[in-house]
Number of protein chains: 2
Amino acid sequence: MVELHTARDPRFPPLGVAVDVVVFTVQEGRLLVLLTRRPDTPPFAQHWSLPGGFVAPNESTDEAAARELGAKAGVQDVFLEQLYTFSAPDRDPRSRVVSVAYYALVSPDRLGDQPGARPAHWMQVGTHADGELHVDLPLEPAMPQGLAFDHALILRTAVDRIRGKLEYVPIGFQLLEPQFTLTELQKVYEAVLGQEIDKRNFRSRLLKSGLIRQLDAVRKGPHRPAKLFEFTSRTF
Amino acid sequence: MVELHTARDPRFPPLGVAVDVVVFTVQEGRLLVLLTRRPDTPPFAQHWSLPGGFVAPNESTDEAAARELGAKAGVQDVFLEQLYTFSAPDRDPRSRVVSVAYYALVSPDRLGDQPGARPAHWMQVGTHADGELHVDLPLEPAMPQGLAFDHALILRTAVDRIRGKLEYVPIGFQLLEPQFTLTELQKVYEAVLGQEIDKRNFRSRLLKSGLIRQLDAVRKGPHRPAKLFEFTSRTF
DNA sequence: ACAAAAGTGTTCGCACTACACCCATGC
DNA sequence: GCATGGGTGTAGTGCGAACACTTTTGT
């Protein structure tokens, strides 16, 4: 802890502390992550990067992450949890910056306009057959490849986390509107996990779990209407 | 991230960054945690606290935690993982300090002398019937009660983590010598989980898992000798 | 009537739980 | 021979995995 110095010990100067937020959503069966464009100046000029920013003196990293989420994605009161802290001394080539990474889950209906000053876009996170991830960065001419800083590592860590967590914590509903059909819920699971799920097993498991409750309404579509469900509790 | 300023933006000054390490060991069926004594000066004068210290400019938090572990507990090359980052603005009343907490698992045979300048002691972590934790702090006269800073929260987070992790990752062997008996392993599990385990179920589960291999040696004692085992891999 | 998505049950194997007695050794 | 910890098996139950066809609606 803090014993080695009282005010400032020159061997241990304060460091830059930032938050980076991996914002996920699922649309049309695809897992999407929000990326922003780096400025035209080095380092990583014009690369894509995770939204993030420095922590202010009077706020926790949780608050800084929530603030970033509002500023860059235009959303509030969404699922947001700490992921991991990345601290390699050279992760930012300009100066020492420790990044406390967060991940957020946002349902498409809560996505507002993106008020960010620089462009922010939703990119699909795909899974190769060998388990490797790839982000579908647009291949504009002369577009730099790869994510800025160590953001590819942060993204991979975040995807691993939500996949592991999805299997034993009901976080899937964070990516859906309050009312949903079982097929919609299954599509979310499949998008996050990157693999298909058996429909009958999925449905019986969810119904037995007591996590969801059937409503008296249906979603009409071009075919047979689907029963609507809601989660029994929005907190857990 | 770094985009908001290049060198230094006065709204986002650098912050103190420290590591705190929750070092666990198991001895005689008791889960122990290493605590150090705060100095005689505020804040938290003479309170017990987790070992920790500031992060140097040229090291990662992983390296800082390993360095702390060597300095305060006298051990190297032990299991050490990042736990969580604690960042409440007022968690250190003197100045803003963000703490990246780690937890370590050390087997008793690897514990060396404690080279720390101030006293460090192993305190038992017990579990009440209602699930609450308690640390058996020595009740010296005029001894301040409770851990310094937010260290009670960090400890509780660490205990929850190793309990959850023990059930699906083989971390138990980190707390044992390379060769061990099944009873010794079971005692470790019971100490960490804070509850008793059925002997037959425990043994059949471990043997079926393939994680351990029986050796041709036995541990002699005052009674029937016990077969010795080792873990099939020391990495996972 | 046809296309498309919704909805539904059974079997099988495995893992977890509960539970009680004999065995090998030192003293 | 006795005290002490080491070592073993079975029955019951619940959960996840595999697997294919019928139903309902819109067009």
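Predicted model only: the values in this text are computed from it and were never measured. Throughout, protein chains are lettered first and strands after them, A, B, ... in sequence-line order, and every chain is numbered starting at 1.
Listed pair B:Thr183 / D:dG6 meets the phosphate criterion, a side-chain N or O lying under 4.0 Å from OP1 or OP2.
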Strand DNA chain D as a dot-bracket string - pairs counted if Watson-Crick or G-U with both distances under 3.5 Å, | where the partner lies in another strand: |||||||||||||||||||||||||||
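In this structure, NZ of B:Lys187 is placed 8 Å from P of D:dG6, rounded to the nearest angstrom. Rounded to an integer number of Å, the gap from A:Gln186 CD to C:dT8 P is 14 Å. At whole-Å resolution of the value, CD in A:Glu167 and P in D:dG16 are 11 Å apart. In this structure, A:Glu184 places its CD atom 15 Å from C1' of C:dG7, rounding to the nearest Å. Summarising the geometry, the separation between CZ on B:Arg203 and P on C:dC21 is reported as 19 Å, rounded to the nearest angstrom.
Between B:Leu166 and the options B:Leu175, B:Val192, B:Val188, a side-chain contact (heavy atoms from CB on, under 4.5 Å) holds for only B:Val192.
Between B:Glu81 and B:Lys165, at least one side-chain nitrogen of the basic residue sits less than 4.0 Å from a carboxylate oxygen of the acidic one, meeting the salt-bridge criterion. In summary, A:Glu190 and A:Lys199 do not engage in a salt bridge, as defined by a charged side-chain N under 4.0 Å from a carboxylate O.
Enclosure of atom CG in B:Asp109 by more than 12 non-hydrogen atoms of other residues, nucleotides or ligands within 6.0 angstrom is indicated.
Under the salt bridge (Lys or Arg N to Asp or Glu O under 4.0 Å) criterion, A:Arg213 pairs with A:Glu230, not counting sequence neighbours. With sequence neighbours excluded, the residues forming a salt bridge (Lys or Arg N to Asp or Glu O under 4.0 Å) with A:Glu28 are A:Arg30, listed by chain and number.
For residues 189-202 of chain B, proximity to DNA chain C is found at B:Asp198, B:Arg200, B:Asn201, defined as any non-hydrogen atom under 4.0 angstrom from a strand atom. Residues of residues 211-227 of chain A having a heavy atom closer than 4.0 Å to DNA chain C, listed by number: A:His223, A:Arg224, A:Pro225, A:Ala226, A:Lys227.
Using bins of under 30°, 30° to 60° and over 60° for the plane-to-plane angle, the ring pair B:Phe202/B:Tyr189 lands in the perpendicular bin.
Every pair passing side-chain hydrogen bond (donor to acceptor under 3.5 Å, both in side chains) that includes a residue from residues 215-229 of chain B is listed here, sequence neighbours excluded: B:Glu184-B:Arg219.
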side-chain contact (heavy atoms from CB on, under 4.5 Å) between B:Leu35 and B:Leu50, intermediate numbers included: CA-CA 5 Å; B:Leu35 296 179; B:Leu50 297 170; 3.8 Å; yes
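Side-chain contact between B:Phe149 and B:Asp20: absent, with no pair of heavy atoms (C-beta onward) separated by less than 4.5 Å.
B:Arg205 comes within 4.0 angstrom of the backbone, heavy atoms only, and of no base.
In this structure, A:Trp48 has its ring center at least 6.0 angstrom away from the ring center of A:His151.
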